[in-house]
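Scroll down for the structure; my scribbles are underneath it.
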There are 2 protein chains.
Amino acid sequence: MNGDERAILERYLRSRGLKMTQARETVLTAFLGLESHVSADAIYEAAKRLDPGIGQATVFRTVKLLADAGLAREACRDDGARRYEHAYNHAHHDHLTCVECGAIVEFVDADIERAQEAVYRRYGFASSGHRLELYGLCPDCAPFDEP
Amino acid sequence: MNGDERAILERYLRSRGLKMTQARETVLTAFLGLESHVSADAIYEAAKRLDPGIGQATVFRTVKLLADAGLAREACRDDGARRYEHAYNHAHHDHLTCVECGAIVEFVDADIERAQEAVYRRYGFASSGHRLELYGLCPDCAPFDEP
DNA sequence: CCCGTATTGATGATGATTATCGATACGGCT
DNA sequence: AGCCGTATCGATAATCATCATCAATACGGG
Ligand SMILES: [Mn+2]
Ligand SMILES: [Mn+2]
Ligand SMILES: [Zn+2]
Ligand SMILES: [Zn+2]
């Protein structure tokens, strides 16, 4: 399972004359060991646990490579920092976020996707992706329940 | 027309014990004179034309007040900088952006809005707003036309 | 094992936004 | 109109995430 991602990264690097290095493998392992929606800095912290000598710049650079290789994807940039999520075996989805506690629900809605395609057609655009974030209050954070 | 916004800002400030000052009026006028999707820095440039002595920090502070007062709204933060658009008499809409030339189409799609409400209900969330950005190639930037 | 080249990590530079702070402008009150 | 406590201003330093630079080092094909 885990080797899949490593192989994908290596193939990607090779195809561009880049090298599979110790540092890059460390960053990949660190990223794969974290759950969704992590900042580059969180990956840096995890990577330092695997190799205390790794540099922050290397992590930023490598995370970008992971994204180019299709292993990571920019999930959101809500606060100040970008957050990444796994992209391998993790299909496209949108996010429903609680503005109170930060809980995140990942969802895919066929009606929304379909309606978006209609918008593209209406304006003669060729689709190249979209970003949808729904904000609201989750059941736990709602002021009170309706009977 | 223009006095409306001034009155709204003044009422908002008054309700919080804040003051309607010369600088704030200058920023408001500068903002109203610009078209949609402007950065705080663009507003600063416009404000300097009205009052060369105005400070950048004041513009950042005031734009945030305009947003709180419901006169401005954060439209997107795609690159590095936030961009604002008029919010008074400018109802909610989403954006379709050309990744090649940057052209922006503002649209509202009833099907999408309806399907979003269904998602909120499905997960028991109370809606508090959303952000949808569609990316693609506009007709002018498409590689070639289909017959 | 060698060598040219890609990579690394420390550090300085960015750019956007925010915090600080002494000086100044508001505006309710007399 | 003049006073005065407080909100605001503008200049400047500080953050924060991310990037660029660069000398030292690690890769990996031959
Ligand atoms: Mn996600
Ligand atoms: Mn808009
Ligand atoms: Zn919640
Ligand atoms: Zn275009």
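Below, chain A is the first sequence line, B the second, and so on; all start at residue 1.
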Axial bend angle, the helix from C/dC1-D/dG30 to C/dT30-D/dA1: five-pair end segments, nearest 10°: 30°

Rounded interatomic separation in angstrom, taking CZ from B/Arg61 and P from D/dA11: 11 Å

Length of the CG-C1' vector between A/Asp51 and C/dT7, whole Å: 14 Å

Nearest-nucleotide comparison on DNA chain D, the residue closer to the 5′ end among B/Gln56 and B/Leu65: B/Leu65

Spacing of A/Ile54 atom CD1 relative to D/dA26 atom P, expressed in whole Å: 14 Å

Euclidean distance, A/Met20 CE relative to A/Arg11 CZ, rounded to 0.5 Å: 11.0 Å

Separation of C/dT17 P from B/Tyr44 OH (nearest whole Å): 14 Å

Within 45° cone of B/Phe60 ring axis and under 6.0 Å: B/Lys64 NZ or CZ: no

Side chain of A/Ala57 - closest among D/dT8, D/dA20, C/dT18: D/dA20

Aromatic ring pairing B/His93/B/His37, orientation class (parallel under 30°, perpendicular over 60°, tilted between): perpendicular

Residues, nucleotides or ligands: over 12 heavy atoms within 6.0 Å of B/Arg122 CZ: yes

A/Arg114 bridged to A/Glu117 by N-O distance under 4.0 Å: no

Base-contact (B) and sugar-phosphate-only (S) positions in nucleotides 24-30 of chain C, heavy-atom cut-off under 4.0 Å, - elsewhere: --BSS--

Check: A/His86 side chain, A/Leu34 main-chain N or O, donor-acceptor pair, under 3.5 Å: yes

Nearest atoms (heavy-atom pairs only) where B/Thr58 meets B/Ala23: CG2-CB, 3.9 Å

Rounded distance [0.5 Å steps], CG in A/Leu96 versus OH in B/Tyr120: 6.5 Å

Protein-nucleotide distance (B/Phe60, atom CZ; C/dG15, atom C1'), rounded to Å: 9 Å

Nearest-angstrom distance from the residue atom CZ of A/Arg83 to C1' of D/dA17: 12 Å

Out of C/dA10, C/dT8, D/dT8, whichever nucleotide has its closest atom nearest the side chain of A/Thr58: C/dT8

d(CD, A/Glu25; C1', D/dC27) in whole Å: 14 Å

A/Arg14 CZ to A/Leu9 CG distance, which is reported to the nearest 0.5 Å: 11.0 Å

Residue met sooner reading DNA chain D from 5', once A/Arg82 and B/Leu13 are mapped to nucleotides: B/Leu13

